[in-house]
Amino acid sequence: TATSGWNTNQGFKPIGLLTYSSDGQALTGTAFTGSFDGLGHTIDALFIDRIDADTSPRVSTGLFGTVDGSTLKNITFTNVNITGGGDIYDASYTLRGGTGALVGHAINATVSNVHLTGLANTNLIRTAGMKNIGGLIGHYETTANNSISDVSVNATITAGHASHSNNVEFIGGIIGSALAGENSSVFLTIDNATFNGSINDITSNGMDKVGGVVGYGRHVNVKNSTVD
């Protein structure tokens, strides 16, 4: 694709690219904190290959790497080919990133009218890691009520690396994992989401915490949504 030769064949460099060492130390970069309105445009043939970040430095992978407090809306993707690197943990061994077409790691973000369209086998989202991969968002976390609405994904999602011995987990058609605040009054609401495609594991160890909309969720309400 047009972007495949960029950045020493790593393709497009995610906006808001934070890097972490393999032991969870933040190295460089800052999260994207603005708003993005795609105005109904389509991004075709987005190519990102961060599989070399399976060791260090590790990065969240998508059009956006990490966003914080952002509103992302009105954009369509077609013919994506995105490969993320290894799992990202902070120093307390808490998962802090992931891989998705829109954003690898979303913090306190609102998302609406975002679509990954076309044939499922022409939209490829993969990761060398074992956790947090979604069609649009790898890992989502919020400390306040937030929403994701009017989103759809047609894609083939594949997690894992043949050399890894653990099972893969936190894999979702829309979001890999979604954590709303520990306060029971804080929720993420997902409304009008559709997933059509497949979720695969290239290891021989099986999958856990896998879902058509969300792989794993805490305080997540899903409504008016379908999985084909």
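Residues take their numbers from the sequence shown, with the count starting at 1. Any value given below was found using the heavy atoms of this structure, including those in side chains, with hydrogens, waters and symmetry copies removed.
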Does the side chain of [X] reach to within under 4.5 Å of the side chain of [Y], using non-hydrogen atoms?
X: Ile125; Y: Val80; answer: yes
X: Phe32; Y: Thr66; answer: no
X: Asn154; Y: Thr117; answer: no
X: Thr76; Y: Ile43; answer: no

Which of Asn123, Asn200, Leu119, Ile199 passes side chain to side chain contact (heavy atoms under 4.5 Å, CB included) with Thr156? It is Asn200

Residues passing the side chain to side chain donor-acceptor pair (under 3.5 Å) test with Thr110, sequence neighbours excluded, are Asn146

Residues passing the side chain to side chain donor-acceptor pair (under 3.5 Å) test with Thr189, sequence neighbours excluded, are none

Sorted by chain and residue number, the ring pair (Phe, Tyr, Trp, His ring centres under 6.0 Å) partners of Phe12 (sequence neighbours excluded) come out as none

Across all chains, not counting sequence neighbours, the ring pair (Phe, Tyr, Trp, His ring centres under 6.0 Å) partners of Phe195 are none

Test side-chain hydrogen bond (donor to acceptor under 3.5 Å, both in side chains), reference Asn192, set Asp150, Thr226, Asn113, output is Asp150

Requested in this report: Please determine, by modelled atom types, if Thr33 and Asp68 share a side-chain donor-acceptor pair under 3.5 angstrom.
Outcome: no

side-chain hydrogen bond (donor to acceptor under 3.5 Å, both in side chains) pairs touching residues 211-224, sequence neighbours excluded, are Asp191-Asn224

The reported gap from OG in Ser152 to CD1 in Ile174 (rounded to nearest 0.5 angstrom) is 7.0 Å

Those residues at least two apart in sequence (or on a different chain) that pass salt bridge (charged side-chain N to carboxylate O under 4.0 Å, His left out) with Lys209 are Glu169

